[in-house]
Undergrad: 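Sharing a structure, written as structure tokens. Questions coming.
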Amino acid sequence: MTLLMTWPEAGPDTVVRRTSDPAEIAAALAPIGVRFEQWPVREDVPADADSDTVFAAYRAEIDKLNAEEGFRTVDVVALHPDGSPEWPAKAAAARQKFLAEHTHDDDDEVRFFVAGAGIFYLHVDGEVHAVYCEKGDLLGVPRGTTHWFDMGTSPAFTAIRFFHEEDGWIGNFTGSPIADRFPDFDEIHSGYAGAAGATGSAA
């Protein structure tokens with residue numbers, strides 16, 4: 001369920017846009033400098049595949065993107081329920097790290113979803129864009145873009161991360177509570193989007 005929902009920054013009562021069409025999503029995000037594209041899904045790659053397996057499966061796409069963008073570091077991050085007693089606390093801590101609005105001053109945030117899903121919320125020009133990404137989706141958020149990310153209360157995803165800087169992920173938090181005003185991953189994943197207006201754009 002790749003999905004883009006757009007609301008005024010005041011709150012989600014009005015749906016400006018709702019679409020699951022990849023071309024419409026890419027076109028809507030391009031004016032704010034956000035890159036959205038889809039890569040072929042390798043169905044033979046397990047959801048919990050290790051880094052070597054993921055790199056081998058997507059080597060051609062990774063090399064092409066590196067050649068275009070000059071990334072210096074590429075890694076794989078994964079979170080999947082493991083049934084351990086420690087899992088709930090681990091999941092909650094991982095989720096909390098990205099839930100508040102922040103920016104990155106010295107690098108873009110580029111992620112490709114190998115498995116599972118997550119939502120990037122982009123706060124730009126008076127609007128909030130929620131981009132529900134699933135396996136096969138690549139999203140590139142330019143440095144300086146105000147945003148947050150939600151992986152849900154039970155994270156289950158594998159993603160490839162691309163960095164121009166070797167320092168990796170460094171967030172600058174705005175202190176704004178804006179994220180609290182909008183539906184979170186669990187709400188959208190469980191069907192909020194399906195009840196929030198007709199598919200397509202609305203003015």
Undergrad: Nearest 0.5 Å, what's the CZ-CD1 distance between F113 and I160?
TA: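 Those atoms lie 11.5 Å apart.
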
Undergrad: Side chains of H164 and D107: is there a donor and an acceptor less than 3.5 Å apart?
TA: yes

Undergrad: Is there a donor-acceptor pair under 3.5 Å between the side chain of E9 and the backbone N or O of E127?
TA: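 The answer is no, because no donor-acceptor pair under 3.5 Å joins these two groups.
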
Undergrad: Return the orientation label for the Y121 and W7 ring planes: parallel under 30°, perpendicular over 60°, tilted otherwise.
TA: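 Plane angle under 30°, so parallel.
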
Undergrad: So, the side chain of D108 versus the backbone of R143: is there a donor-acceptor pair under 3.5 Å, distance only?
TA: yes

Undergrad: Applying side chain to side chain contact (heavy atoms under 4.5 Å, CB included) to R161 and V110, what does each step give before you reach the verdict?
TA: CA-CA 6 Å; R161 307 189 299 177; V110 181; over 6 Å; no

Undergrad: Main chain of S176, side chain of T174: is a donor-acceptor contact present, judged purely on distance under 3.5 Å?
TA: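 Confirmed, T174 side chain pairs with S176 backbone.
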
Undergrad: Between H104 and H147 (judged by ring centroids, cut-off 6.0 Å), do the two rings come close enough to count as a pair?
TA: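 Yes, they do, as the ring centres are separated by less than 6.0 Å.
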
Undergrad: Below 4.0 angstrom, N of the basic side chain to O of the carboxylate: do D150 and R95 qualify?
TA: yes

Undergrad: Are D75 and S51 close enough that some pair of their side-chain heavy atoms sits under 4.5 Å apart?
TA: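 Heavy-atom side-chain distance check fails, nothing below 4.5 Å.
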
Undergrad: Assess whether a salt bridge exists between R18 and E24, defined as any Lys/Arg side-chain N lying under 4.0 Å from an Asp/Glu carboxylate O.
TA: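 Answer for the salt bridge query: no.
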
Undergrad: State, with a plain yes or no, whether a side-chain heavy atom of V76 is found less than 4.5 Å away from one of T158.
TA: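 Yes, at least one pair of side-chain atoms sits under 4.5 Å.
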
Undergrad: What pairs of residues pass the salt bridge (charged side-chain N to carboxylate O under 4.0 Å, His left out) test when at least one of them lies in residues 78-87, not counting sequence neighbours?
TA: none

Undergrad: For residues 29-51, which residue pairs qualify under ring-ring contact (aromatic ring centres under 6.0 Å, His included), counting only residues two or more places apart or in two chains?
TA: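 Of all non-adjacent pairs touching residues 29-51, those that pass ring-ring contact (aromatic ring centres under 6.0 Å, His included) are W39-F112.
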
Undergrad: Applying a strict under-4.5 Å side-chain criterion to I, L, V, M, F, W and Y, I'd like to know whether L65 and V77 cluster together.
TA: no

Undergrad: List the residues meeting salt bridge (charged side-chain N to carboxylate O under 4.0 Å, His left out) with E61, not counting sequence neighbours, and say none if there are none.
TA: R42

Undergrad: So, are E69 and K64 salt-bridged, with charged N and O less than 4.0 Å apart?
TA: no

Undergrad: Using a 6.0 Å cut-off, check whether atom CD of Q96 has over 12 heavy atoms from anything other than its own residue.
TA: no

Undergrad: Is there side-chain contact between F163 and R72, with at least one heavy-atom pair below 4.5 Å?
TA: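 No, every pair of side-chain atoms sits at 4.5 Å or beyond.
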
Undergrad: Is any side-chain heavy atom of L4 less than 4.5 Å from a side-chain heavy atom of R17?
TA: yes

Undergrad: Out of curiosity, does F157 fall in the hydrophobic cluster containing Y58 (side-chain heavy atoms, cut-off under 4.5 Å, transitive links)?
TA: no

Undergrad: Please state whether the rings of F185 and H189 are parallel, tilted or perpendicular, taking 30° and 60° as the class boundaries.
TA: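 Answer is parallel, since the angle falls under 30°.
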
Undergrad: Any chance you could measure T2, atom OG1, to D21, atom CG, to the nearest 0.5 Å?
TA: 10.5 Å

Undergrad: Would you compute the distance between atom CG of L3 and atom CD1 of I188 and round it to the nearest 0.5 angstrom?
TA: 7.0 Å

Undergrad: Could you tell me whether the side chain of T145 reaches within less than 4.5 Å of the side chain of T103, counting heavy atoms only?
TA: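 No, too far: nothing below the 4.5 Å cut-off.
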
Undergrad: Does any part of the side chain of F162, heavy atoms only, come nearer than 4.5 Å to the side chain of R111, both counted from C-beta?
TA: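 No, their side chains stay 4.5 Å or more apart.
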
Undergrad: Output the distance between atom OG (S20) and atom CD1 (I25), rounded to the nearest 0.5 Å.
TA: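 Between atom OG of S20 and atom CD1 of I25 there are 6.5 Å.
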
Undergrad: Is F55 close to V74 at the side-chain level, that is, under 4.5 Å between some pair of heavy atoms?
TA: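 They are in side-chain contact.
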
Undergrad: Heavy-atom distance under 4.5 Å between the side chains of L139 and L29, does that happen here?
TA: yes

Undergrad: Using a 3.5 Å distance criterion without hydrogens, assess whether the side chain of D63 forms a donor-acceptor pair with backbone atoms of A60.
TA: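 The answer is no, because no donor-acceptor pair under 3.5 Å joins these two groups.
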
